[in-house]
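Heavy atoms only: backbone and side chains are in, while hydrogens, waters and symmetry mates are out. These numbers were taken from a predicted model, which means no experiment stands behind them.
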Amino acid sequence: MVVGAFPMAKLLYLGIRQVSKPLANRIKEAARRSEFFKTYICLPPAQLYHWVEMRAKMRLMGFNAETIKPLNEEAAAELGAELLGEATIFLVACGCLVLEYSRQKTQQRRKEGEQLAAWDAMRDEVDHLALVLEALQAQVQAAPPLGALEELQAQMREVRARLCVQDLPPAPQEEPTPRDEGPPDPGLGQD
């Protein structure tokens with residue numbers, strides 16, 4: 001069963017979000033407790049986000065806003081902590097993507113290395129077989145011509161025929177009949 005890319009991407013996103021939420025919540029708590037963190041890390045991005053958002057909304061509605069009232073410190077701290085939490089989730093997701101990309105590249109390099117090793121082994125085997133083929137061709141060329149082989153075979157047949165004629169076994173002798181084998185059985189003639 002093949003699963004589409006979009007549902008898997010959503011599932012992956014939700015998984016990363018659930019894993020990185022505790023980290024984002026800790027950052028939010030630190031932003032609420034620490035004055036330095038709140039002042040220098042949470043407030044500036046929150047005010048910038050508010051300014052860009054309000055400017056875009058005003059232009060969409062057709063107004064030309066010259067000045068935009070900044071958020072109060074409490075709302076800016078809350079918005080900054082939320083932005084920081086979302087940025088943390090985004091960075092964790094990007095880190096996961098980078099790690100997966102590097103893992104895929106490493107796996108691809110390993111596969112290519114294995115393929116090159118296999119190609120080298122095949123090339124070595126082909127070279128070895130080429131050398132063996134050359135040696136066999138040299139042996140075939142060094143062998144006597146076919147006519148000489150036929151002549152040698154004919155000579156071997158003549159020699160075998162002469163040997164067979166000279167070494168004929170003596171004619172078999174007649175085998176003794178059962179009567180000649182021994183004394184008659186004493187129980188045959190009595191009844």
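Between Leu43 and Glu73, the shortest heavy-atom contact is CD2-O, 3.7 Å. The two atoms that bring Ala46 and Ala76 nearest to each other are CB-O, 3.1 Å, heavy atoms only. Minimum heavy-atom separation, Trp51 to Ile68: O-CD1, 3.6 Å. The two residues Cys42 and Pro45 make their nearest non-hydrogen contact at O-CD, 3.4 Å.
Shown here is Arg55, whose CZ atom has more than 12 heavy atoms of other residues, nucleotides or ligands within 6.0 Å. Enclosure of atom CD in Glu74 is not indicated, since only 12 or fewer non-hydrogen atoms of other residues, nucleotides or ligands lie within 6.0 angstrom. Within 6.0 Å of the CE atom in Met156, the count of heavy atoms belonging to other residues, nucleotides or ligands does not exceed 12.
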Evaluate Val126 against Arg123 for side chain to side chain contact (heavy atoms under 4.5 Å, CB included), listing each step before the verdict. CA-CA 5 Å; Val126 167; Arg123 191 175 303 126; 5.7 Å; no
Verify salt bridge (Lys or Arg N to Asp or Glu O under 4.0 Å) between Glu100 and Arg103, making sure each step is shown before the conclusion. CA-CA 5 Å; Glu100 179 63 22; Arg103 186 186 70 81; 2.7 Å; yes
Give the intermediate values and the outcome of side chain to side chain contact (heavy atoms under 4.5 Å, CB included) for residues Glu86 and Phe90. CA-CA 6 Å; Glu86 292 298 319; Phe90 179 75; over 6 Å; no
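Here the side chains of Gln47 and Leu71 are in contact, with some heavy-atom distance below 4.5 Å. Side chains of Lys111 and Gln108 form no contact here, defined as non-hydrogen atoms less than 4.5 Å apart.
Met54 and Leu48 end up in the same hydrophobic cluster when Ile, Leu, Val, Met, Phe, Trp and Tyr side chains are linked at under 4.5 Å.
Applying the side-chain contact (heavy atoms from CB on, under 4.5 Å) criterion to Leu60, with sequence neighbours excluded, gives no partner residue.
Here the OH atom belonging to Tyr101 is positioned 14.5 Å from the SG atom belonging to Cys94, to the nearest 0.5 angstrom.
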